[in-house]
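Index from 1, following the sequence.
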Amino acid sequence: MANGQWYPPEWPERIRALAEGTLIPVPPKRAATVMLLKDTPTSPVVHMLRRRASMAFAGGAYAYPGGGVDPRDDEHQIRWAGPTRAWWANRLGTDETSAQAVVCAAVRETYEEAGVLLAGPTPDTVVGDTTGEDWEADRAALVARGLSFAEFLDRRGLVLRSDLLGVWTRWITPEFETRRYDTWFFVAALPEGQRTRNASTEADRTVWIRPADAADGYDKGELLMMPPTVATLRQLIPYDSAADVLAAAPARDLTPVLAKARLENGEVVLAWPGHDEFTKHIPTGGAPA
């Protein structure tokens, strides 16, 4: 491939089946991912993890911490700081219950996969170091889903800091995929006193990297990524600080990006609206070009 776009071998067959009307799409599940940022003397850097090569989905690809919504976070009113649930519901295009669950997913997944927790004992504080044995026990329980995030916050007397998050974009997994997610991409700055670590069982490497350098690695075919990851990296390049990124978030368009496949002149054309660089042409019976 000319660049590092991740492209599974089963896609052409599934795309053709969808275009021909023989494939019924599965409903997407709600998910959240977080572009965690910190400043350097020259530019902000973003925290990325590399998925283990053994992973069935996007093995070896670079991504951000993230994952699916835990339905239990729909059910429990947690201690909350920042914009109201109604504000988040309007911003995310959901009801208030789902908005809480999506924001919880963003904060929980960042803690589970990077060890960074956007919560504090009061509405204007954030916890410090979260690397102790008791913290690790709770993190492991969250990963195993033996503990809900709402229960975790309640037990520790913590307030979720929704004001430390900005929602940046929204992508929906293409209809021909077997596992589909409706994913909101958030931005956040690394809280003072906390540090990232590779806490994910799904990753074999983590890096802090300038968005421009990561995008350049993709362009050279050195870093494997999925289209949403590359697109968001390019969008971060113009900003001089994490604060500038967060300040820009409220004005971002959250119209979902959903890949479309169509049959045209004997080939399948796969395109992501607004992102022409990812367009693929797949001859009947052939591989993507």
Side-chain angles (χ1 to χ4, degrees), residues 1-7 31-51 58 60-66 91-92 106 109-110 113-114 116 118 163-174 181 183-192 194-196 198 200 203 205-259 270-280:
M1 64 178 66
N3 55 36
Q5 184 174 343
W6 178 74
Y7 199 97
T33 191
V34 178
M35 296 178 280
L36 189 63
L37 302 160
K38 70 176 181 180
D39 291 326
T40 71
T42 56
S43 69
V45 289
V46 62
H47 180 72
M48 303 188 75
L49 53 85
R50 184 175 66 186
R51 294 172 60 83
Y62 280 80
Y64 312 113
R91 183 76 181 111
L92 298 176
E109 289 288 341
T110 306
E113 299 193 345
V116 171
L118 304 176
D163 55 317
L164 299 181
L165 287 166
V167 63
W168 190 257
T169 190
R170 181 181 180 184
W171 287 64
I172 300 176
T173 308
Y181 295 95
T183 304
W184 286 265
F185 284 67
F186 291 83
V187 290
L190 179 69
E192 185 176 351
Q194 294 193 38
R195 54 192 175 91
T196 57
N198 184 7
S200 173
R205 184 188 183 205
T206 61
V207 296
W208 283 102
I209 188 169
R210 293 174 62 244
D213 291 340
D216 185 57
Y218 166 87
D219 290 336
K220 293 177 178 177
E222 298 169 352
L223 301 181
L224 193 66
M225 297 180 200
M226 292 177 282
T229 310
V230 183
T232 49
L233 284 169
R234 297 202 198 285
Q235 291 161 0
L236 294 175
I237 291 173
Y239 296 94
D240 295 325
S241 69
D244 288 344
V245 175
L246 284 162
R252 293 280 306 171
D253 180 11
L254 295 185
T255 302
V257 179
L258 173 64
L270 173 62
W272 280 259
H275 300 273
D276 292 343
E277 70 168 299
F278 305 125
T279 299
K280 292 290 183 183

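Taking the side chain as every heavy atom from C-beta outward, Arg252 and Arg91 approach each other to under 4.5 Å. Looking only at side-chain heavy atoms (C-beta outward), Phe278 and Val230 come within less than 4.5 Å of each other. Residues Gln235 and Phe185 are not in side-chain contact: their nearest non-hydrogen atoms beyond the backbone lie 4.5 Å or more apart. At least one side-chain heavy atom of Thr229 sits less than 4.5 Å from a side-chain heavy atom of Met48.
No option in Val245, Thr232, Ile237 other than Ile237 meets the side chain to side chain contact (heavy atoms under 4.5 Å, CB included) test with Pro211.
With hydrogens and angles left out, the side-chain atoms of Ser241 and Asp244 include a donor and acceptor closer than 3.5 Å.
Heavy-atom minimum distance, Ala215 versus Leu233: N-CD1, 4.3 Å. For the pair Ala249 and Val187, the tightest heavy-atom approach, listed with the atom from each and the gap, is CB-CG2, 4.2 Å. The shortest non-hydrogen separation linking Pro174 to Leu258 is CA-CD1, 4.0 Å. Listed here is the closest heavy atom pair of Pro65 and Glu113: CA-OE1, 3.1 Å. In this structure, Ala242 and Asp39 approach most closely via the heavy-atom pair N-OD1, 2.8 Å. Shortest non-hydrogen contact noted between Leu165 and Leu246 is C-CD2, 4.2 Å.
Put simply, CG on Leu36 and NE2 on His47 are 6.5 Å apart, with the number rounded to the nearest 0.5 Å. We find the CG-CZ distance between Leu236 and Arg210 to be 12.0 Å, quoted to the nearest 0.5 Å. Within the model, atoms OH of Tyr62 and CG of Leu49 stand 9.5 Å from one another, a figure rounded to the nearest 0.5 Å. Between atom CZ of residue Arg50 and atom OG1 of residue Thr206 there is a gap of 10.5 Å, rounded to the nearest 0.5 Å. The distance from the CG atom of Leu37 to the CG atom of Leu190 is 9.5 Å, given to the nearest 0.5 Å. Between the CG atom of Asp216 and the CZ atom of Arg234 there is a distance of 9.0 Å, given to the nearest 0.5 Å.
Note: Tyr64 and Trp168 fail the aromatic proximity criterion, with ring centroids not under 6.0 Å apart.
No donor-acceptor pair under 3.5 Å is formed between the side chain of Glu109 and the backbone N or O of Thr33. In this structure, Trp272 contributes its side chain and Pro227 its backbone to no donor-acceptor pair below 3.5 Å. Side chain of Thr183 to main chain of Ala31: no donor-acceptor pair is present (N/O by atom type, distance under 3.5 Å, no hydrogens or angles).
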Practice item. Apply side-chain contact (heavy atoms from CB on, under 4.5 Å) to the pair Leu92 and Trp184, showing each step before the final yes or no. Key: CA-CA 8 Å; Leu92 298 176; Trp184 286 265; 3.4 Å; yes

Practice item. Check the pair Thr279, Leu270 against side-chain contact (heavy atoms from CB on, under 4.5 Å), reporting the backbone distance first and the verdict last. Key: CA-CA 6 Å; Thr279 299; Leu270 173 62; over 6 Å; no

